[in-house]
Amino acid sequence: MVRVGAFLTRADPALAKVLARAFRYQRLLDEERDASISETAAAEKIERGCLGSLLRLTLLAQKIVQCILDGRQLEGVTLPAVMKPFPVEWSGQCLHTSGSLTASLAPAPSARAD
């Protein structure tokens, strides 16, 4: 990863992978392939608590998810940081400082010098 100011210029592979898994599991539940989180966890051979923690990531604000996938999150936005509790309201996530979720909403660094 290359640093541009306080921003990283490449998506964190661990964050991208966990977000992809979270949204995949949410899709499985939405499509009703399994009747419950417990059944999905059993089918995927992961603990129910782990699945619940992953599913919570689907509640991240779209801007935060996009910044993570674009590699525009600040250094403090790491897998351990996003696994910590955060507000479910998107506006609350913007104000949330624990775990640096606010930092991921910062604008992308400008490619031109003004």
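Across every non-hydrogen atom of Pro85 and Arg56, the tightest pair is CA-NH1, 4.0 Å. In terms of heavy atoms, Leu57 sits closest to Ala22 at CB-CB, 4.1 Å. Across every non-hydrogen atom of Leu60 and Val65, the tightest pair is CB-CG2, 3.8 Å.
The side chain to side chain contact (heavy atoms under 4.5 Å, CB included) search around Ala43 returns Asp34, not counting sequence neighbours. Taking Ser53 as the reference, Met83 meet the side chain to side chain contact (heavy atoms under 4.5 Å, CB included) condition, with sequence neighbours excluded. Not counting sequence neighbours, the partners of Glu31 by the side chain to side chain donor-acceptor pair (under 3.5 Å) test are Arg33. For Arg21, the side chain to side chain donor-acceptor pair (under 3.5 Å) partners two or more places apart in sequence, or in a different chain, are Tyr25. Residues satisfying the side chain to side chain donor-acceptor pair (under 3.5 Å) test with Glu44, not counting sequence neighbours, are Arg24. Take Gln26 and apply the side chain to side chain donor-acceptor pair (under 3.5 Å) test, not counting sequence neighbours, and it matches Asp30.
Within the 4.5 Å cutoff, the side chain of Trp90 has no heavy atoms near those of the Lys63 side chain. Considering only heavy atoms from C-beta on, Val82 stays 4.5 Å or farther from Leu19 through its side chain.
The number of heavy atoms from other shown groups lying within 6.0 Å of CD (Glu39) is above 12.
To the nearest 0.5 Å, the span separating NZ on Lys84 from CG on Leu79 amounts to 11.5 Å. In this structure, CG on Leu69 lies 10.5 Å from CG on Asp12, to the nearest 0.5 angstrom. Atoms CD1 and CG, from Ile37 and Leu28 in turn, are 12.0 Å apart once rounded to the nearest 0.5 Å.
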